[in-house]
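So you know, we letter chains A, B, ... as the sequences are listed, proteins then strands, and number each from 1.
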Amino acid sequence: MSMAMASACGQLCMRCRGSLSSKTAVWRCYSHVRHLIPRTRQLLKSFDGLFITKRLASTQTGLSWKQQMCCYSDLAEKHLTADAKDNKHTKELTKTSITQITNTLMPSTDVLSMTEHPAFLDLDDAAESSALEEICDEEAISISVPSSLPPTSTSLRDYVEKSETLSKLVELGVNLWKLEQRPNVGSMLLRLDFKTDVAPRLMFLKEIGVKDSCFGYIITHNPFVLCENIENLQDRVTYLKSRKFSSETVASMVSRAPYLLNFNVKRLDNRLGFYQQQLQLSASNTRNLVARLPKLLCVSLEPVKENLKVCEIELGFKQNEIQHIVVAVPKVLTANKRKLTQIFDFLHNTMKVPHYLIAKFPQVLNTKYLRVRERHLFLEYLQKAQYDPTLPNYISLDRMVSLPDEAFCTELALSTVEDFYLFQKTL
Amino acid sequence: MVTPLKLRRLHGLFCVYKPLGVHWKLVRDTIETNLLKGNVAPPPALPHKVRFLAEPSPTGEAGAAASLSAAPVPALSHHPLVTGPEFQHIRVGVGHRLDAASSGVLVLAVGNGNKALDDLYKTRVTRDYMLECEFGMATKDFSHTGRVVEKSTYGHITLDKLERVLAMLEGANQKATRMFSNVDMSSQEAYELAVQGLLGPDGKSAPILTGLRCVHFQPPSFTLEVQCLNETQKYLRKVVHEIGLELRSTAVCKNVRRTRDGLFTSRQALTRNQWSAADVMQAVQQHRYTKKTEKTVRKRSEESSAATRQSKADVMSSHRGKEHGS
């Protein structure tokens, strides 16, 4: 039995080589067929494996793939019949394989010959009508077309064309790709209805004075503004106006801090009161401070309190100096403590700049540490590092820090930019 | 101007000057972000799909079926705000790392250049360091910012004594080179390798200093120039500490600065203001160009030397022929 199988397989392979052009197909055919020999019971499984392999060699054309498919499918079919009969595998294999391979120029006819074969087992038992039959109009209407939208998806890309809300948001400039990465935001946006939810709130924002070009930015950073109650939004805006913020200021604050209107009145009041008390500023100064950095009304107060303590205790500034610094550079309140202390340490201990000078030029506390370090060391190398205003050749801190590289080199260091870059490579 | 096509074709090595106090990973991330940001091509036009749009019927009759018309509509599912940016990640790899307290040349690779990084690790390229050191202090982590463990005088140290200690260290390292080379010292193979200068540690080994000399000596500060293999910056600081101990004093390393890594020197390194996409592309091209010219120059010199050898051999043989003849 096994010998006969082997000879049959060999013959099959000879024929395969004749018809199919690529070597890989032959190898695959042969190797698969070789696996059949020791395992007679598992023939079905291996044939299924043949059926499933769809990876094509690059040299094969589409037509030859169909030939191969028919060859394999025919082998499978033959095997099914052989399984039912349980004898004479080999003769049937060789016979039908020869016929199939010679007729492989017309794959459709092969398919038909498969179905017409008397022993072909239809695995679907129910007798279904072909899709090309003609039906009457009532039947046509009663056919339900499944929607092309997937029920679940990881991306909003699948729904953007069908959903009016999403397409209007894209037109406004909302970055849907960024938003869909946040948990649950995508489904929330899908559930919104444009006419009843989104449009009224956009109209409200427009009434406050927010420009149309800012809508995309606001919604990208704070999509939950589309879920807020309009009365609440109105209350918060009236509260801010009652605190004597002008309407343009309110509009600019909302554009720059998108989360502002999500906070309730009590919280906004709390924060404004905190800044006024802690820093002992006048009302107009507080307004000015908050208008320039509206994020102050959104962040939590603990880090701000810690920053103030750091300025007072660790850095050693007096109260009026801290006031002046904060009003000039509000970002100090939300800065990273480690970076703040690092740059102050360099300014005070290495550059020997006293407190009053740093308070006079607070923007040095806002710069990058590496920038200050490189420039100071370059000036020191050129023996021009003199920051005392009473002595000659004085270099002011704000100019040293804020000027771009070319201006710094030509005006302050009296050298060239190339020298500065070469010097940076020796640090 | 960096276009997506140029970014896709960006493959190669380049080097960057890592500033002091910055972790190497931050440098690598900054370069990757800059390469992605530098991609400023205008977005391609959206593909159009044909949709059937309902038109109101011209007569406006109630209950009349609305007629459909086919119109091409831009497919919003391909809009960049919906699909995200084209490039979300670029493969940027790092060569021999530098710890946060050191500065100097850091080799980076983009795209397919990462395979060359692997070769860089395997071949025995040496690295060049400048160690700025100071006598008089010994600290816990061998650098001048650590906790001070010991303080000592250094008045007795002269340049002569320092050079003697450095020579001793060099000798010890030469011995280590031979030991780690996995070649029997009394064999012909060892001699041939040594003649060509290829005798060195095989694969991973202990750190080895192939060269060590003092370039600046003014107590308490002095500067050493080191060429080494398989080292870490902490090891170099430890070496400085041991030099101090050998001189019956203490020493600490203020600054470790790498000036060369294999073929990359600080001359070609990009400083912080040059970390934009266009500069990186230029640096990659420059390195490729220098490699090509070096190869051609080397080939030409080999050919010319082979030609001279051949001509010399001819002359010698002709001389011998003449001698025999006469």
Side-chain angles (χ1 to χ4, degrees), chain A residues 148-150 153-181 186 189 216-217 219-220 338-339 342-343 345-346 368-375 377-378 404-406 408-409 417-427, chain B residues 15-23 26-27 30 43 46-53 72-86 88 100-106 130 132 145 215-216 223 254-260 264-275 279:
Chain A
S148 59
L149 289 179
S153 164
T154 49
S155 157
L156 288 175
R157 212 181 312 155
D158 306 321
Y159 304 109
V160 91
E161 276 157 31
K162 295 283 162 65
S163 161
E164 191 199 349
T165 323
L166 290 181
S167 25
K168 289 269 168 25
L169 286 177
V170 172
E171 279 166 34
L172 279 173
V174 176
N175 196 341
L176 287 182
W177 176 74
K178 223 194 220 178
L179 282 178
E180 73 191 8
Q181 284 163 4
L189 286 175
Y217 175 82
I219 299 176
T220 309
R338 192 176 51 86
K339 288 186 188 167
Q342 189 185 34
I343 202 165
D345 173 48
F346 186 77
K368 290 214 179 297
Y369 167 72
L370 283 174
R371 192 178 161 103
V372 171
R373 183 170 177 266
E374 280 161 11
R375 291 188 171 189
L377 288 174
F378 188 51
D405 281 341
E406 297 89 22
F408 167 76
C409 290
V417 184
E418 288 80 24
D419 286 347
F420 184 44
Y421 295 155
L422 275 177
F423 178 75
Q424 278 182 18
K425 292 191 202 175
T426 62
L427 289 178
Chain B
C15 66
V16 142
Y17 195 87
K18 186 188 92 68
L20 224 167
V22 174
H23 198 271
L26 205 72
V27 172
T30 314
L46 288 179
H48 282 62
K49 282 191 186 165
V50 174
R51 288 265 176 273
F52 291 102
L53 303 172
V73 164
L76 281 177
S77 55
H78 294 276
H79 196 281
L81 286 179
V82 179
T83 56
E86 192 185 335
Q88 289 172 23
S102 337
S103 59
V105 172
L106 185 67
M130 295 289 264
E132 284 156 36
T145 50
V215 292
H216 169 73
T223 312
K254 278 200 294 197
N255 203 4
V256 175
R257 189 163 53 92
R258 190 193 276 166
T259 45
R260 180 185 66 85
F264 296 94
T265 55
S266 54
R267 188 178 282 273
Q268 308 146 3
L270 299 174
T271 49
R272 227 154 46 88
N273 54 292
Q274 290 168 329
W275 288 358
D279 291 317

_Looking at Lys49(B) and Pro72(B), would you say the former's side chain and the latter's main chain have a donor-acceptor pair under 3.5 Å?_
no

*asked:* Taking every non-hydrogen pair under 4.5 Å, which of Glu132(B), Gln274(B), Gln88(B) racks up the most with chain A?
replied: Gln88(B)

*May I ask you to name which of Leu76(B), Thr259(B), Val105(B) has the most heavy-atom pairs under 4.5 Å with chain A?*
Leu76(B)

_For Phe378(A) and Phe408(A), take the angle between the two ring planes, folded into 0 to 90°, and tell me which bin it lands in: parallel under 30, tilted 30 to 60, perpendicular over 60._
tilted

Tell me, side chain or backbone of [X] under 4.5 Å from chain B's heavy atoms, or both, or neither?
X: Glu161(A); result: side chain
X: Arg373(A); result: side chain
X: Leu427(A); result: backbone

*Just give me the residue among Val170(A), Leu179(A), Asp405(A) that pairs up with chain B most often, heavy atom to heavy atom, under 4.5 Å.*
Val170(A)

*Measure the spacing between CG of Asn175(A) and OH of Tyr217(A) and express it to the nearest 0.5 Å.*
12.5 Å

*Nearest 0.5 Å please: distance from the OG atom of Ser153(A) over to the CD atom of Glu180(A).*
8.0 Å

_salt bridge (charged side-chain N to carboxylate O under 4.0 Å, His left out) partners for Arg272(B), two or more places apart_ = Glu374(A)

